[in-house]
Amino acid sequence: MTRSSPAAYKVLIAVSSDKTGKSYKPGATITGADFPAAVIKNWLNSDPPVLAIKDGD
Amino acid sequence: MAVTPLEGKTHTRHLRHLSDGIDLSGDMRSIGAMGVTYDQADATGWSNGTKQWLTGWGDVQLTGVQAIFNNDVLNLALTPDTTPGSHTALSGETTVNASVFVGIRAAPAIGNPAFSSPFEQSAYTISGGGSDPVLVNAEYFGSGTLSIVANVWGVALAVGGEISITTNYGSVDNGAASTGGWVAFLHTAQTSALQANNNYAFVIEHGTDDSNWATLTTFTANGSTITSERKEGTGNVNQYVRLKATKTAGTAVPWVVFIRK
């Protein structure tokens, strides 16, 4: 069985989007619809990480 | 949105100097040297065809600072002028964050080169003679009490214009991400209205695409006092960086230097 990519992420460091005007503080949950996939990938892999994959969703 | 800073040669008149949030540019006359020099140990052996050198300790310097003597005090009444003078700012200084912004053929702009470091003031003298104005002279060397690194050259993210609303400053495109960490300096200079009424959150953000941003660091200084603050961090810095100033109250005059390590 192949596990699908998780769609929800926990915000560890505050993020925002100029395009949508939305901002999210640490502890908030975002989804793949809130930011481009490349940006989310960068934030998951950055040092320190900006997002964490949220379990249980 | 990323700025397109001017490039090329420039003139001394386009420099600006801030010391712990005080803009001394109106009194400044010259700077002898700013930057880093390294000790060099001669490691040449008999069989070497040329001299061999080993680099030693770095020496961070801001020397030959010369300004016109000015004893204007911090003017809480805000009239007729609002800028503390050179003597007020520099006499008796000990440990300071000092920055020099290098405008390119114009007043400094976002993206222009900027120099910044914590310093100990090692000398303050005044001089005069003949028909010359009285001058102040100061020397600074890298601080032994504040964290200091040899990374002293960066770019300006804010250059002192007064704001009265929440502001996303223009971003600076480094061309690529960096991984070695960073240093940032904020000066909150005097505002045209009562300083104590100001309340802003100053945040440096970074991003990969100049549109989506993550917080890199948040300064404690909020613009309610004339002061400076230094932040340092490790890890990634994305290709684009910018300053975001979020208003709660009042106005603000931030100057920011950002240095990639």
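All of these numbers come straight from a predicted model, not from anything done at the bench. Any value given below was found using the heavy atoms of this structure, including those in side chains, with hydrogens, waters and symmetry copies removed. Throughout, a chain's letter reflects where its sequence line sits, starting with A, and its residues are numbered from 1.
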Point-to-point distance, once rounded to the nearest 0.5 Å, from CD of B:Gln61 to CZ of B:Phe115: 8.5 Å

Side chains of B:Val36 and B:Tyr38 in contact at under 4.5 Å (non-hydrogen atoms): yes

Which portion of B:Thr179 sits near chain A, non-hydrogen atoms under 4.5 angstrom: neither

B:Lys261 NZ: over 12 foreign heavy atoms closer than 6.0 Å: yes

4.5 Å side-chain heavy-atom contact, B:Leu15 and B:Phe101: no

is_close_aromatic(A:Trp43, A:Tyr9), centroid dist under 6.0 Å: no

Residues in residues 160-175 of chain B that sit under 4.5 Å from chain A, counting heavy atoms only: B:Asn168

Among the listed options A:Val11, A:Val50, A:Val15, the residue most often paired with chain B at heavy-atom distances under 4.5 Å: A:Val15

Sub-4.5 Å side-chain heavy-atom contact between B:Phe202 and B:Leu243: yes

Heavy atoms of other groups near B:Arg13 CZ, more than 12 under 6.0 Å: no

Residue-level interface, residues 208-223 of chain B with chain A, non-hydrogen cut-off under 4.5 Å: B:Thr208, B:Asp209, B:Asp210, B:Ser211, B:Asn212, B:Trp213, B:Ala214, B:Thr215

Polar side chain donor-acceptor pair, B:Ser116 to B:Ser99, under 3.5 angstrom: yes

B:Ile110: which of B:Thr4, B:Val155, B:Val3 passes side chain to side chain contact (heavy atoms under 4.5 Å, CB included): B:Val3

Side-chain heavy-atom pair B:Val241, B:Leu157 within 4.5 angstrom cut-off: yes

